[in-house]
Amino acid sequence: MVGALVTVLAVSACTADPPRGPGAPAAPRPQASAADTVASGLGVPWSVAFHRGVPLVSERDSARILELDGAGGARVVGTVEGVTAVGEGGLLGIATHQGELYAYSTSAEGNRIQRFPLVGDPGALRLGPPRTILADLPSASYHNGGRIAFGPDGMLYATVGDAGDRDSAQDLGALSGKILRLTPDGGVPADNPFPGSPVYSYGHRNPQGLAWADDGTLFASEFGQNTWDELNVIEPGANYGWPLVEGIAGRPGHVDPVQQWDPADASPSGIAIHRGRILVANLRGERLFAVPVSAPATSVELHTGTYGRLRDVVVAPDGTPWIVTSNTDGRGDPSAGDDRVVRIPSP
């Protein structure tokens with residue numbers, strides 16, 4: 001299925017609260033201390049990756065890759081060309097692998113995954129020439145997925161939303177509504193569940209979080225429609241039900257989530273695993289969930305309302321969790337200094 005950028009706005013409670021009207025008052029909330037703030041004043045940050053210990057951040061609307069200097073500053077490493085930032089589309093997830101930066105972004109022709117050599121030393125990094133390893137992924141102004149991550153098997157995994165075409169999530173001939181598994185060069189691994197296809201799992205609506213437990217179990221977070229957001233254990237070749245089911249349904253042939261949440265309390269985006277717990281960053285719910293890997297049907301709520309909307313959570317090289325806010329994306333109430341990357345106490 002060839003992706004085409006459409007400009008339809010989301011009309012359901014699919015990802016978050018609707019955009020705020022002009023003049024809407026910002027709800028007061030505590031500010032992160034200077035000691036905890038890794039960077040501030042960012043424009044719709046979406047993802048964080050690390051290269052030689054240096055944090056790199058993607059900005060959705062500007063299509064910039066930023067290098068954080070550890071003292072609160074940020075410099076531009078490069079701008080990903082050809083990005084069309086409409087609605088929830090733009091420069092989304094990033095990952096690093098063997099000295100290269102991988103980026104998932106929206107172009108006029110659809111979503112794509114590109115790789116860029118990272119040239120230079122920390123403090124003076126820059127992007128080398130891009131190589132597109134997967135193109136023409138279905139795109140829209142919403143439900144783009146966009147998370148990419150390298151698994152413990154060295155393969156590249158990518159979440160792709162249904163791009164507003166609900167039924168395509170059940171179509172194994174379409175790449176929308178799927179989690180994909182690729183070689184670092186963009187090829188199809190020989191042991192993928194569907195021969196010759198990058199599809200790893202299907203029946204997804206808008207998955208945006210990927211993380212692996214120590215035993216290799218892959219977890220993914222997913223935005224629901226109006227009923228349930230999900231945390232899933234991903235198995236190769238499995239069908240997660242969308243749009244036939246949403247949440248825990250007990251329907252034969254479809255894999256139920258290990259946990260579900262009301263979208264008003266969640267809207268889960270990035271996830272990370274830290275000390276045996278899955279940390280889940282939530283947009284509309286403005287909180288962090290901590291879910292034990294050993295008991296994934298349970299969770300604890302952390303930092304509710306403290307930082308506003310949370311787009312991503314990562315574990316820094318020193319083992320400290322970081323969260324990425326998303327208050328400048330048109331759906332939040334920015335406070336002074338938003339958006340920011342914040343170092344939080346270990347849950």
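The basis for the numbers below is simple: all heavy atoms, side chains too, and nothing from hydrogens, waters or symmetry mates. Only a predicted model underlies this, so the values are computations on that prediction, with no experimental measurement involved. For this chain, numbers begin at 1 and follow the sequence in order.
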- Among Trp212, Tyr102, Phe50, ring-ring contact (aromatic ring centres under 6.0 Å, His included) partner for Phe150: Tyr102

- Query: In terms of side-chain geometry, is the basic nitrogen of Asp214 or Arg275 positioned less than 4.0 Å from the acidic oxygen of its partner?
  - Reply: no

- Note on the structure: On a heavy-atom basis, the closest approach of Val291 and Thr298 is CG1-O, 3.2 Å

- Any donor-acceptor pair under 3.5 Å linking the side chain of Asn232 with the backbone of Ile234? no

- Item | From CE (Met155) to CG (Leu180), nearest 0.5 Å | 14.0 Å

- Message: Testing the 3.5 Å rule here: is there a donor-acceptor pair between the side chains of Gln259 and Trp261?
- Response: yes

- Query: Taking Tyr104 for the side chain and Gly145 for the main chain, is one N or O donor matched with an acceptor at less than 3.5 Å?
  - Reply: no

- Item | Heavy-atom closest pair, residues Pro347 and His274 | CD-ND1, 3.9 Å

- Message: Under a 3.5 Å distance rule, please check whether Thr106 uses its side chain to pair with a backbone N or O of Gly89 as donor and acceptor.
- Response: no

- Message: Val293: which residues meet the side-chain contact (heavy atoms from CB on, under 4.5 Å) condition with it, sequence neighbours left out?
- Response: Ala213, Phe219, Ile273, Ile278

- Message: When you measure from the side chain of Thr159 to the backbone of Gly146, do you find a donor-acceptor pair of N or O atoms at a distance under 3.5 Å?
- Response: yes

- Message: With a 3.5 Å distance limit and no angle check, can you tell me whether Glu222 reaches the backbone of Arg205 through a side-chain donor-acceptor pair?
- Response: yes

- Could you pull out all residues at least two apart from Phe116 that satisfy ring pair (Phe, Tyr, Trp, His ring centres under 6.0 Å)? none

- Message: Going by the rule ring pair (Phe, Tyr, Trp, His ring centres under 6.0 Å), which residues pair with Trp242 if we only count those two or more places apart in sequence or in a different chain?
- Response: none

- Query: Does a donor on one side chain and an acceptor on the other come within less than 3.5 Å for Asp339 and Thr328?
  - Reply: yes

- Message: Can a side-chain donor-acceptor contact be found between Asp171 and Ser168 if the only test is distance below 3.5 angstrom?
- Response: no

- Of all heavy-atom pairs linking Ala140 and Ala163, the shortest is CB-O, 3.5 Å

- Query: Do Arg251 and Asp256 meet the salt-bridge criterion of a basic N to acidic O distance under 4.0 Å?
  - Reply: no

- Sequence neighbours left out, what passes side-chain contact (heavy atoms from CB on, under 4.5 Å) with Ala135? Give chain and number order. Thr132

- Hits for side chain to side chain donor-acceptor pair (under 3.5 Å) against Thr96, two or more places apart or cross-chain, chain-then-number order -> none

- Message: Tell me every residue that passes salt bridge (Lys or Arg N to Asp or Glu O under 4.0 Å) with Arg64, counting only those two or more places apart in sequence or in another chain.
- Response: Glu59

- Task: Take Arg340 and Asp36 through the salt bridge (charged side-chain N to carboxylate O under 4.0 Å, His left out) test and state the conclusion after the steps.
- Result: CA-CA 10 Å; Arg340 52 183 87 231; Asp36 294 333; over 6 Å; no

- Note on the structure: By side chain to side chain donor-acceptor pair (under 3.5 Å), Ser47 pairs with (sequence neighbours left out) none

- Item | Contact summary for Val255 and Ala238, nearest pair of heavy atoms | CG2-CB, 3.7 Å

- Query: Are a donor atom and an acceptor atom from the side chains of Gln170 and Asn239 found within less than 3.5 Å of each other?
  - Reply: yes

- Euclidean distance, Asn282 CG relative to Glu301 CD, rounded to 0.5 Å: 8.5 Å

- Message: I'd like to know if the side chain of Glu109 and the backbone of Asp136 have a donor-acceptor N/O pair within less than 3.5 Å.
- Response: no

- Item | Residue list, ring pair (Phe, Tyr, Trp, His ring centres under 6.0 Å) with Tyr200, at least two apart or on another chain | Tyr157

- Message: Please evaluate residues Leu125 and His51 with respect to the criterion side-chain contact (heavy atoms from CB on, under 4.5 Å), reporting the C-alpha separation (whole Å), side-chain torsions for both, the decisive distance (0.1 Å), and the verdict.
- Response: CA-CA 10 Å; Leu125 293 173; His51 170 68; 3.9 Å; yes

- Item | Closest approach of Pro268 to Glu230 (non-hydrogen atoms, all atoms of both residues) | CG-O, 4.3 Å

Distance-only donor-acceptor hits, side chain of residues 315-324, under 3.5 Å, sequence neighbours excluded:
residue	atom	partner	partner atom	Å
Asp318	OD1	Thr320	N	3.0
Asp318	OD1	Thr320	OG1	3.0
Asp318	OD2	Thr320	OG1	3.3

- Message: Distance alone, cut at 3.5 Å: any donor-acceptor contact between the side chains of Arg309 and Thr325?
- Response: no

- Item | Heavy-atom side-chain proximity of Leu127 to Leu101 below 4.5 angstrom | yes

- Item | Close side-chain approach of Ser176 and Leu137, heavy atoms under 4.5 Å | no

- Donor-acceptor contact present, side-chain Asp229 to main-chain Ser267, <3.5 Å: yes

- Does Asp312 come within less than 4.0 Å of Arg147, counting only side-chain N to carboxylate O? yes

- Query: If you measure from the Lys or Arg side-chain nitrogens to the Asp or Glu carboxylate oxygens, is any gap between Asp265 and Arg284 under 4.0 Å?
  - Reply: no

- Item | CD1-OG distance between Ile94 and Ser105, expressed to the nearest 0.5 angstrom | 11.5 Å

- Mind checking whether Val48 and Leu42 sit in one hydrophobic cluster, side chains of I, L, V, M, F, W, Y counted as touching below 4.5 Å? yes

- Item | Inter- and intrachain pairs under side-chain hydrogen bond (donor to acceptor under 3.5 Å, both in side chains), touching residues 67-76, at least two apart | Glu67-Arg75

- Message: Any side-chain to backbone donor/acceptor pair from Asn192 onto Phe194? Under 3.5 Å, distance only.
- Response: no

- Query: Under a single-linkage rule joining Ile, Leu, Val, Met, Phe, Trp and Tyr whose side-chain heavy atoms are separated by less than 4.5 Å, which residues share a cluster with Val188?
  - Reply: none

- Atom pair CD1/NE2 of Ile148 and His97 - distance to nearest 0.5 Å: 12.0 Å

- Task: For His303, check ring pair (Phe, Tyr, Trp, His ring centres under 6.0 Å) against everything at least two apart and list the hits.
- Result: Tyr307

- Query: Can you check side-chain contact (heavy atoms from CB on, under 4.5 Å) on Val199 and Leu175, steps first, answer last?
  - Reply: CA-CA 7 Å; Val199 173; Leu175 297 186; 3.8 Å; yes

- Item | Geometric class of the Tyr240/His204 ring pair [parallel <30°, tilted 30-60°, perpendicular >60°] | parallel

- Compute whether any side-chain donor of one residue and acceptor of the other, for Arg131 and Gln114, lie under 3.5 angstrom apart. no

- Query: Distance-only, no hydrogens or angles: does the Asn327 side chain make a donor-acceptor pair with backbone N or O of Asp338 under 3.5 Å?
  - Reply: no

- Note on the structure: For Val57 and Pro45, the nearest pair of non-hydrogen atoms, with its separation, is CG1-CB, 3.8 Å

- Between Leu56 and Val341, is there a shared hydrophobic cluster once you connect ILVMFWY residues whose side-chain heavy atoms come closer than 4.5 Å? no

- Item | Nearest-0.5 Å distance, OG of residue Ser197 to CZ of residue Arg181 | 12.0 Å

- Salt bridge present between Lys178 and Asp162 (N-O < 4.0 angstrom): no

- State the CD-CG distance between Glu286 and Leu310, to the nearest 0.5 angstrom. 7.5 Å

